[in-house]
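As structure tokens, the structure follows; a few thoughts come after it.
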Amino acid sequence: MATKFNETFMVKGEQLLKKIEDLIEEENVRKISIHDKTGKEVMSFPLAIGVVGAVLAPVLAAVGALAALIGECSISVEREELVP
């Protein structure tokens, strides 16, 4: 059985891409949403188990473009934790 929980991180535009890349490397992240400073969702994408870099390249390119335009933002992360 799996338990889902959420985390939120506040980042500045220049830190956005690096934080997203770090989160993608974590095995238990299932969905990432990016919100502007007013709380409006700007981008959201699910992550499947075993997703490889080539599949995520367009997403990372879009995040990089967004980082250049956005000031401060928040990243909401949905995680899944396996419960024995």
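Note that these values count all heavy atoms, side chains included, but never hydrogens, waters or copies made by symmetry. One is the number of the first residue; the rest follow in order along the sequence.
- Within the model, atoms CZ of Arg79 and CZ of Arg30 stand 10.0 Å from one another, a figure rounded to the nearest 0.5 Å.
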Return a table of donor-acceptor pairs under 3.5 angstrom between the side chains of residues 9-23 and protein atoms on other chains or two or more places apart.
unit_1: Gln15; atom_1: OE1; unit_2: Lys12; atom_2: N; d: 3.0
unit_1: Lys18; atom_1: NZ; unit_2: Asp22; atom_2: OD1; d: 2.9

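- Of the inter-residue distances, the one linking Ser76 atom OG with Ile34 atom CD1 reads 10.0 Å to the nearest 0.5 angstrom.
- The structure places NE2 of His35 at 5.0 Å from CD of Glu41, a figure rounded to the nearest 0.5 Å.
- Side chains of Ile24 and Leu60 form a contact here, defined as non-hydrogen atoms less than 4.5 Å apart.
- Atom CD in Glu78 sits 5.5 Å away from atom CG in Asn6 (nearest 0.5 Å).
- In this structure, the separation between NZ on Lys40 and SG on Cys73 is 14.0 Å, given to the nearest 0.5 Å.
- Atom-to-atom distance recorded for Glu25:CD and Leu47:CG is 11.5 Å, nearest 0.5 angstrom.
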